[in-house]
Every structure is written in structure tokens, then in C-alpha cells.
Amino acid sequence: MSDGNREESPDLFKVRLEKIEELRSSGIDPFGKRFPVQDQAAEIIADFPAYDGEEVTIAGRLTAKRGHGKASFGDLQDFSGRIQVYARLNDLGSDAYELYKKLDIGDIIGVRGTVFRTRKQEITVAINSFEILSKSLRPLPEKWHGLKDIDLRYRQRYLDLIVNPEVKEVFLKRIEIIRAIRHYLEERGFLEVETPMMQPLAGGAAARPFITHHNALDMELYLRIAPELYLKRLLVGGFEKVFEINRNFRNEGISTKHNPEFTMLELYQAYGDYQDMMAITEDLISTVTQQVFGTTKIEYDDQEIDFTVPWTRLSMMDAVERYTGQDFSHLDTERARRQAVELGMEISAGAVWGQILNEVFETYVEEKLIQPTFITGHPVDVSPLAKRSQENPSLTDRFELFINSWELANAFTELNDPLDQRKRFEQQMDERARGDEEAHAMDEDFVTALEYGMPPAGGLGIGIDRLVMILTNAPSIRDVILFPTMRTREC
RNA sequence: GGGCCAUUAGCUCAGUCGGUAGAGCACCUGACUUUUAAUCAGGGUGUCACAGGUUCGACUCCUGUAUGGCUCACCA
């Protein structure tokens, strides 16, 4: 079986091809034309008294047929919902009625008809006339159980959307959430910008990139792993409050929490710092949640996530001490290694103090952070783009937001010292030389930009897909991405 | 990449101890002018994921492959 050309029961497909020929020979175009839709199924049902006895013009897909000889019911599904239609020989005449009887489930039709309520109180459109707008050649998945096969649901999302109404609801929520985020930021003076998806150097995060090639320039380009370094160039250029909601691409494993392309919000505010970012994060997410869901308490996988502000704030070192009993506040790499090993961890040879602390945190603390929690004070060793903390130059003014043990946001006071930035890149290059493929590359062009002067700034990234997952109780990131990345089928 | 599991009709699924495949929906034929998972009568439409092996005989047992799911690793 191949996905685009699946073997159907030959008769089934053939029967429908024959119907198409029949239609054509009787002068009817099976793939229709413009149809001036006036009304929506859900609106007619919601406001029945206003529509009762009136003629409406609707269009959509026929999803069920219930024939009764000289009368016939059907369900018509448009984007707004589903409404029953009723065709009667007496109303339509024999030619049109015969045509109606030949319609298949899955056909798209346009209907002009009169709204009424049946004996069983179902709001229904009695068809006065109809047009075939598109013939369907393939049968829809089963009406009662829907389409369950997860593989097919992702590969043929259009079928998933047709037959599983709750799927559409999730994507409508996603749309609302993103719209609310945009609205929130625009109201506060942030400007939405677009920066390169194809970059000569994939920077701004630690991840393996996708590589592509530009023929005319004969150069390698990388799909971006983050927009960060371009957004900061805009700060140099005088933009003061910018954001971008767009795709990042990371050439890494796929899981229920990772899709190779995913959507990030990144936001930068000149003259601000990570504390401002924390305030925005907390207020943005709780405000949007309240707006879209009418509450700040959300059920995810049998747990209640409470977005009510303020959220817990905990330094990485305190968090590690709380959950492991080990104090890493000294800066001794060897001692840190011994402590980590004592906890049962394996630490790679070249790891330094900050990396060890970070690994211990990820291993023992992350899984405990269910309610929204800000973790602050990341080691400079794992934060090559963040500004050093004034109180402790081994740490940075940075936070990550954890919800349901997932990293949802990452923010820091941006490093605007070009000399320090160059040293950080050099340190990253050392790590790269030691085999860390994800260590940051030297970006001379970016350092040059900083040398012209970048205002102190706060920067923030929020993983939109994961946020949508939590807010819509989706078990997999693929449930919130319309067309998730799938292996192509060979057979 | 490792482990576990799955793959049977268009869809959702059953299939006993190894004896050559079956149910609902969909589809086809007919009946039926207010049904709604319409109903009634009749019809099975299949390369049992793919390729080998064992066997008199394989959907079933074995090996490999493909795809997917979960999970671990990876993903600061």
C-alpha cells in the first residue's frame, strides 16, 4: 500500500468513476463551480427561531445518508458544524430526486432549502434545490468509530479533520492561543518581525541543524535552530521591542515532545532584563489561558496545572539541593563530579562544574516540576549567550520555565558585551573540538554587531507547541501540529 | 540507536490447538415520504504489512525487513 494511491476495493472506486461519467454525460459537472454560500450549519441551529421557515443557502460535505424511498435524510457538514438535510421527491421532482439518491457519502454539495424542525425536533433543511460541487471517489472512514489509526491520522490529516470533530477543536484552540499571544504583545508595543529561516550559521541554541545548499550562491545554508542572533541584531539596529512567532528546525530525535520543526515565540525588550521577561512570561501565559479557556486551572493528564500567578521561583542550585540534598554552591569541578557520581550519575570526562550542576538538575529535579516553576541562575558554562550575574559571575541572569516537567520557556538578560561574547564563543569552540556537536559556533558577524553596541536587554523564548499541548491536554506534540514530520512510506 | 508491542476488508475490530478468513459500519441490489449509528431482505468486496523458513498444510510457529506506537538514549 502506498499512501497516495491506496488500493481500494476495485469495485468501490470503479462504481464512483462510473457515476462521474454518468453525470458528465447528462451534462452535470461532477466537480462543480462557485457556489454563493449564505448560511452556516451551526448558526442555523444556534439561532433556529430566526431561520424557521426561511430559505438558506449552505454547502458542505455529505457525511451520512438515511434513505426512505421517496424521501431521504442526510447530514451536511460545513466548517461550522453539521446540519440535517431532507430531500423529498415531491419537492425536488423525479430527476433531481434521482440525482440526490445517487449522491455518495463524502460528496460536497451546495443546498438551497427551507429550515424546519422534524417530528423528532431535529433542525433540518428541506432541500429545494442542490448542486454537486465535488464528487468523492474514495469512501470516508467509518462514521461511528472514526479514524483511529494514528499513523493514518497524521499522514491523512484531512480525513482526521473530517471524521474526528475533537481534532478540529484542538487546532482551533491552537489558533486562538497564538492569536491571543500576538494580541497581548502588540498591545504592549512589541513589533512582529521575520528573520531568516536559512542562515549561513545555525546559532542561538545548542542543537544540530538541517543543512541545505543554495545553487546560485554555491553555499551551504542551515535551517535555523533559533532566531535569537538576528533578533538581537535588530536591537543593535534600534528596534526596542520585537517578537517573532515562527518555526525552528532541529535535526534531532522525534518523540511525543519533539517534532523536527516546531514553533517558538521569541521576544526581546531593550533596556529590560530577565526579571522583566519573567513578569511577561507569567502574565502572558496566565492571561492567555484565562482568555481562551476562561480559567487558569487546566487539567493535563489527570493532573491539575494551576497557572494562577505568582509562580514558584527557585534557583537551580537551591532546586538541586532540595531534591538531592547535595550542595553545589562551591565551584570545584572535581568535587561536583564526586557528588554527582555519589548520586549515581555518569559524568563525561570534559564536563566542568556548571555542566555537572546542569546535568544533576536535569536528572533529579526536572521531573519534579509539575506546577509552573521558574528555575533561575543557570551556570555560565551552559549559557553562552546570557549575561553573567552581578552577584556570582559563574552564574547568569537567566531562567527556564518548567511545567509538567517540560521546559516551556527560556529567558535571560542578554549578553551585550562583545568581548565576553567572543570569549564565550571561543569556549564553545573548545567544546566543539572536544566532540560536542551541539556546542555553539563562532559567529563573527554577530560579534561585530555587538561591537557597535547593543542596549542591555531581556530576551525570552516560549515553546508554543508544548504550551498548546498542556492547554489542550494533548498527549503528543503531533496532536497540536497539523502535519507532523513522518517518514515517507516506501512500499 | 536499544527494548517492548502492533500491522487481518475502505474504516473499527474478532479469529480457539497450525486445517486455507468473519462481524459491524461503508459499498452493491431491492423495499420504504419525518429518519438520525434509520430499518428490512439479499450480496464478501481480502497479496491476513512484506520476504524467506519450518510443516502434508501457516493469519497462527521461526528469522529477517518495512511502517507505526510506547519507552529508554538523544534533545543544555
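To find a chain, count down the sequence lines: A is the first, B the second, and so on, and within it residues start at 1. Side chains included, hydrogens not; waters and symmetry mates left out as well; all remaining heavy atoms used.
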TODO: Could you check how far CG of A:Leu137 sits from C1' of B:rA26, rounded to whole Å?
DONE: 16 Å
Open item on the list: Any salt bridge linking A:Lys135 with A:Asp107? Criterion: basic side-chain nitrogen under 4.0 Å from a carboxylate oxygen.
Closed with: yes
- [ ] Could you work out the separation of B:rA23 and B:rA41 based on their P atoms and round it to a whole Å?
- [x] 15 Å
Open item on the list: Consider side chain to side chain contact (heavy atoms under 4.5 Å, CB included). Of A:Thr57, A:Leu76, A:Ile83, A:Asp39, which one does A:Val125 pass it with?
Closed with: A:Ile83
TODO: Could you tell me whether A:Glu282 and A:Arg313 make a salt bridge, using a distance below 4.0 angstrom between a side-chain N and a carboxylate O?
DONE: yes
TODO: Rounded off to whole Å, could you give me the CG-to-P distance for the A:Leu89 and B:rA31 pair?
DONE: 13 Å
Could you list the protein-to-nucleotides 35-37 of chain B atom pairs, N/O on both sides, closer than 3.5 Å?
from   : atom 1 : to       : atom 2 : distance (Å)
B:rU35 : OP2    : A:Lys120 : NZ     : 3.0
B:rU35 : O4'    : A:His68  : NE2    : 3.3
B:rU35 : O2'    : A:His68  : NE2    : 3.3
B:rU35 : O2     : A:Arg66  : NE     : 2.8
B:rU35 : O2     : A:Gln84  : OE1    : 3.2
B:rU35 : N3     : A:Gln84  : OE1    : 2.7
B:rU35 : N3     : A:Gln84  : NE2    : 2.8
B:rU35 : O4     : A:Gln84  : NE2    : 2.4
B:rU35 : O4     : A:Thr118 : OG1    : 2.9
B:rU36 : O4'    : A:Arg66  : NE     : 3.2
B:rU36 : O2     : A:Gln84  : OE1    : 3.4
B:rU36 : O2     : A:Glu122 : OE1    : 3.4
B:rU36 : N3     : A:Glu122 : OE1    : 3.0
B:rA37 : O3'    : A:Lys143 : NZ     : 3.1
B:rA37 : N1     : A:Trp144 : NE1    : 3.2

- [ ] Using the C1' atom on both, measure B:rA66 against B:rC50 and round to a whole Å.
- [x] 7 Å
- [ ] Indicate, with a heavy-atom threshold strictly under 4.0 Å, whether A:Gly146 touches base, sugar-phosphate, or nothing.
- [x] sugar-phosphate
TODO: Taking only Lys NZ, Arg NE, NH1 and NH2, and the carboxylate oxygens of Asp or Glu, determine whether A:Arg424 and A:Asp420 approach each other closer than 4.0 Å.
DONE: yes
Task: Partner nucleotide, any strand, of B:rG46 [Watson-Crick/G-U, under 3.5 Å] - done: none
Task: Charged N-O contact under 4.0 Å between A:Arg16 and A:Glu18 - done: no
Task: Salt bridge A:Lys102-A:Glu22, side-chain N to carboxylate O under 4.0 Å - done: yes
Open item on the list: Say we look at B:rU39 and B:rU34: how far apart would their C1' atoms be, to the nearest angstrom?
Closed with: 14 Å
Open item on the list: Rounded to whole Å, how long is the line connecting atom NZ of A:Lys65 with atom P of B:rC25?
Closed with: 17 Å
Task: Protein-nucleotide distance (A:Glu18, atom CD; B:rC27, atom P), rounded to Å - done: 16 Å
- [ ] Tell me whether the OP1 or OP2 atom of B:rG68 has a side-chain N or O from A:Arg487 closer than 4.0 Å.
- [x] yes
Open item on the list: Tell me every residue that passes side chain to side chain donor-acceptor pair (under 3.5 Å) with A:Thr124, counting only those two or more places apart in sequence or in another chain.
Closed with: A:Gln84
Open item on the list: Please determine whether a side-chain nitrogen of the Lys or Arg among A:Arg335 and A:Asp332 lies less than 4.0 Å from a carboxylate oxygen of the Asp or Glu.
Closed with: no
Task: Ion pair A:Lys387/A:Glu414, N-O distance below 4.0 Å - done: no
- [ ] Determine the contact category for A:Asn90: base if any of its heavy atoms lies under 4.0 Å from a base atom, sugar-phosphate if only primed atoms, P, OP1 or OP2 are that close, otherwise nothing.
- [x] base
Task: Inter-nucleotide C1' distance (B:rC59, B:rG18), Å rounded - done: 10 Å
- [ ] Considering only atom C1', compute the distance from B:rG44 to B:rA9 and round it to an integer number of Å.
- [x] 8 Å
- [ ] Nearest whole angstrom, please: distance from the C1' of B:rA26 to the CG of A:Leu147.
- [x] 14 Å
- [ ] Could you please name the partner base of B:rU63, counting Watson-Crick and G-U wobble pairs only when both distances are under 3.5 Å?
- [x] B:rA51
Task: Residue list, side chain to side chain donor-acceptor pair (under 3.5 Å) with A:Arg112, at least two apart or on another chain - done: none
- [ ] Could you state the atom-to-atom distance from CD of A:Glu98 to C1' of B:rG30 in whole Å?
- [x] 13 Å
- [ ] Please work out whether the ring planes of A:Tyr300 and A:Trp406 are parallel, tilted or perpendicular, with thresholds of 30° and 60°.
- [x] perpendicular
So which protein N/O to nucleotides 69-74 of chain B N/O distances come out below 3.5 Å?
from   : atom 1 : to       : atom 2 : distance (Å)
B:rG69 : OP1    : A:Arg478 : NH1    : 2.1

Task: Nearest-angstrom distance, P atom, B:rC72 to B:rC27 - done: 43 Å
TODO: Give none if B:rU29 has no partner; otherwise give the nucleotide forming a Watson-Crick or G-U wobble pair with it, both distances under 3.5 Å.
DONE: B:rA41
- [ ] Go through residues 44-64 of chain A and report each residue with a non-hydrogen atom lying under 4.0 Å from RNA chain B, sorted by number.
- [x] none
Task: Residue whose nearest RNA chain B nucleotide is more 5′ - A:Lys70 or A:Glu366 - done: A:Lys70
Task: Strand partner of B:rG24, provided both Watson-Crick or wobble distances fall under 3.5 Å - done: B:rC11
Task: Closest to side chain of A:Pro139, choosing from B:rU33, B:rC11, B:rG10 - done: B:rG10
Open item on the list: Between A:Glu334 and A:Arg338, does any NZ, NE, NH1 or NH2 come within less than 4.0 Å of an OD or OE carboxylate oxygen?
Closed with: no
Open item on the list: Taking only the P atom of each, what is the distance from B:rA14 to B:rG24 in whole angstrom?
Closed with: 16 Å
TODO: Searching all strands shown, indicate the nucleotide that pairs with B:rU34 (Watson-Crick or G-U wobble; both distances under 3.5 Å).
DONE: none
Open item on the list: Counting only side-chain nitrogens and oxygens, does A:Lys19 get under 4.0 Å of the OP1 or OP2 atom of B:rC27?
Closed with: no
- [ ] Would you kindly give the NZ-to-P distance between A:Lys148 and B:rG10, to the nearest whole Å?
- [x] 18 Å
TODO: Rounded off to whole Å, could you give me the CD1-to-C1' distance for the A:Ile105 and B:rC25 pair?
DONE: 9 Å
Task: Pairwise C1' distance for B:rC48 and B:rG42, with rounding to whole Å - done: 27 Å
Open item on the list: If the condition is ring pair (Phe, Tyr, Trp, His ring centres under 6.0 Å), which residues does A:Tyr97 pass it with, not counting sequence neighbours?
Closed with: none
Task: Counterpart base for B:rC70, defined by Watson-Crick or G-U wobble contacts under 3.5 Å - done: B:rG3
Open item on the list: Using a strict threshold of under 4.0 Å (side-chain N to carboxylate O), is an ion pair present between A:Asp465 and A:Arg174?
Closed with: yes
Open item on the list: Taking any heavy-atom pair under 4.0 Å as a contact, classify A:Glu362: base, sugar-phosphate, or nothing.
Closed with: sugar-phosphate
